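Hydrogens, waters and symmetry mates play no part in the numbers below; they use all other heavy atoms, side chains included. Because the structure is predicted, anything quoted here is derived from the model rather than measured. The sequence lines fix the lettering, A, B, ..., with proteins before strands; numbering per chain opens at 1.
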Number of protein chains: 2
Amino acid sequence: MELSERKMKILQAIVRNYLETGEPVGSRTISKYTDLNLSSATIRNEMADLEEMEYIVQPHTSAGRIPTDLGYRVYVDTMMKEKDKEVEELKVNLLEKEERLDQLLKQTAKLLATNTNYASMVSAPSIHQNKLKLIQLSRVNEMQLLAVIVVEGNVIKNTLLDVSEPISEETVLKLNILLNTHLTGLAVEEINLGLITSLKAQAGIHSNIVSDVIDAVAKTIHDDDDLEIYTSGTNNIFKYPELADSSSASELIGAFEEKRTLNELVVKTLAESEETGIKVYIGNESPVSTMKDCSIVTATYDLGEGMKGTIGIIGPKRMDYEKVVDNLKDVMRQLDSIYKK
Amino acid sequence: MELSERKMKILQAIVRNYLETGEPVGSRTISKYTDLNLSSATIRNEMADLEEMEYIVQPHTSAGRIPTDLGYRVYVDTMMKEKDKEVEELKVNLLEKEERLDQLLKQTAKLLATNTNYASMVSAPSIHQNKLKLIQLSRVNEMQLLAVIVVEGNVIKNTLLDVSEPISEETVLKLNILLNTHLTGLAVEEINLGLITSLKAQAGIHSNIVSDVIDAVAKTIHDDDDLEIYTSGTNNIFKYPELADSSSASELIGAFEEKRTLNELVVKTLAESEETGIKVYIGNESPVSTMKDCSIVTATYDLGEGMKGTIGIIGPKRMDYEKVVDNLKDVMRQLDSIYKK
DNA sequence: GTTAGCACTCAAATCTATCGAGTGCTAACA
DNA sequence: TGTTAGCACTCGATAGATTTGAGTGCTAAC
């Protein structure tokens, strides 16, 4: 059976209505609140067809219809097509300028959560393909060194190193020069064994410090342990009865706390990110199984210099996709303009 | 009326039973499951007294009794007295050695949550009264400086400074020496206006960098914005029906997300921490109003060098206080031994 | 002081009846 | 042939009515 123009309109009307109310929608409602001017009986016939085509279902006999995942899907797809053309002039709250990236991202998560009334997450950019910008060793005391590592995009990490034997200021200075002249500007992949051994040789008795520093660099650059993910508005899920019962709520809240779960989401999103960067997962399409009953809208942001991250909105399947997509687009634009100051 | 030995025993029995079941407990249950060998009728008489004394209440006529906040209070107090003498040999899971304090604390929160089945929070140590150990400026590029600040206890913070005019390596070196010779070893309170102006004078045209650095130091040392609090097991609250209904759950989850709320708890706890360090807040005693229906057990840990923080367990009023206190004590001991390696 | 016995209370569970939104189908109509 | 009015039917939801049972308080006897 073909999805005629009219069926499409009816399906859209059903979805829209269901998004608002959360209640199954009946034929009479559609007949009244659309400009189709059809009687409820006609609508019923069409709805029977739509049900056969698996775009909608009845939760039980003698109830209205609700969209299936497939139904949502065609709704979202057509909507996204329209969105592409449209230049929205949406005025959402603005992100404040923030010199610290982590604060900015936290703020982003919060903003999205309050604007949309769904739960949000923002992953800190992964810095895989980044280049070293600066290595700075400082003597804290005789037996301890502080290594500060800065990579492209101004991501900074510190590590304290314990040294095996007392070390003087001059040695530290020499090591600094040695490391910086040879390592600055290099990407991790370029730091190979040959280079390392050569450096160690030049460092003489302090070769073990060189190893330690290089270890620290490696750890800094792909440290999956402390992958930062900021979340906000997790308690918004209580606003949607279909998610608020304790078992599903508990599962969801758990997933939000366990950053590992969210990380999967981030990884999968980054892997399949396309030009537009916005992707919608409905129900079972979700990359993480704990969110089968939700919809997830993700966007990939790119701050340049290889700093890519993921922003996600998680809500019920009947989320206001339009609003969410608009909000995401807007936030991305803002991030862009702030960060490329 | 006096709280006789027998009444005390009955009260304890009521509380214990209620902790387990969460159901109002009746006279028959008590008469059967205690070694008092009293009939239910006698128990009833005693319970009537206990009710008059406001240690227990009936949720409604013809229901069993449940403890009031006051009832819990005397229960907890007597229990704590016994605990003090006892040397528990509790074997809970061990914290793994972790070089990074934040990871260790995250782990602590998780451990407590899984061991107790309640929600947990651990605040990173506040570093208020700490001394500067090291200031290190590095030139990232012509217009940017990286300031690394290390305080007692090896807490490290970085800030990027934009400078108004190009700066050379030598100037940076000079500034480093200037700042370190004058500031190292000082507590924040000791950095007064006089010192600052003198430093600025010596810095000449780069006086504004000095201000920036000192601002950064101040911000580092009492930065309430990014007070780190790690939480875990928030979804455990769904295990207790009295907290799981969506309105209270939402409120609690919200409080856990909004670190500001937890911060209040931390501040208040630190303010009134005593020698033992363990404190129990029952219901309305709670310092934060969103947790009126919960009990909170907090402990203050002290890693030396002024690094004090708070650990808290949040659960229903009918929490297993004994287990929680044991767990907290154990974790404190472990933290102590790990950190003072 | 303790206990058995009994009337009483009240939340929770179970049952029953009613309501109404919504459907599918049929027959009539344009 | 597509649309519509009409009607019987279904079934969740809501509201009362009824029953059940755990628990109480009180009294009288031990």
What residues, two or more places apart in sequence or in another chain, satisfy side chain to side chain donor-acceptor pair (under 3.5 Å) together with B:Ser62? none
For the residue pair A:Thr42 and A:Asn45, confirm or rule out a side-chain donor-acceptor distance under 3.5 Å. no
Separation of A:Leu36 atom CG from D:dT4 atom C1', in whole Å? 15 Å
side-chain contact (heavy atoms from CB on, under 4.5 Å) for A:Phe256 and A:Ile314? Distances and angles first, verdict last. CA-CA 10 Å; A:Phe256 264 82; A:Ile314 292 99; 3.7 Å; yes
State whether B:Lys259 and B:Glu264 are salt-bridged, where the test is any N-O pair (Lys NZ or Arg NE/NH1/NH2 against Asp/Glu carboxylate O) under 4.0 Å. no
D:dT4 P sits how many Å from A:Ile43 CD1, rounded? 9 Å
Contacts table for residues 280-294 of chain B: side-chain donor-acceptor under 3.5 angstrom, sequence neighbours left out:
unit_1, atom_1, unit_2, atom_2, d
B:Tyr281, OH, B:Glu272, OE2, 3.3
B:Glu285, OE1, B:Arg73, NH2, 2.8
B:Glu285, OE1, B:Ile282, N, 2.9
B:Glu285, OE2, B:Arg73, NE, 3.1
B:Ser286, OG, B:Val288, N, 3.0
B:Ser286, OG, B:Val288, O, 2.7

Salt bridge (Lys or Arg N to Asp or Glu O under 4.0 Å) partners for A:Arg318, two or more places apart: A:Glu242
Using the salt bridge (Lys or Arg N to Asp or Glu O under 4.0 Å) criterion, which residues pair with A:Asp320? Sequence neighbours excluded. none
Writing each nucleotide of DNA chain D 5' to 3' as (, ), [, ], | or . by Watson-Crick or G-U pairing under 3.5 Å yields ||||||||||||||||||||||||||||||
Could you tell me the separation between the NZ atom of A:Lys7 and the C1' atom of D:dT3, rounded to a whole number of Å? 14 Å
How does protein reach along nucleotides 5-26 of chain D, written 5' to 3' as B (base within reach of a heavy atom under 4.0 Å), S (only sugar-phosphate), or - (no contact)? BB---BBS----------SBB-
Distance only, no hydrogens: is a donor on one side chain within 3.5 Å (strictly under) of an acceptor on the other, for B:Ser295 and B:Tyr321? yes
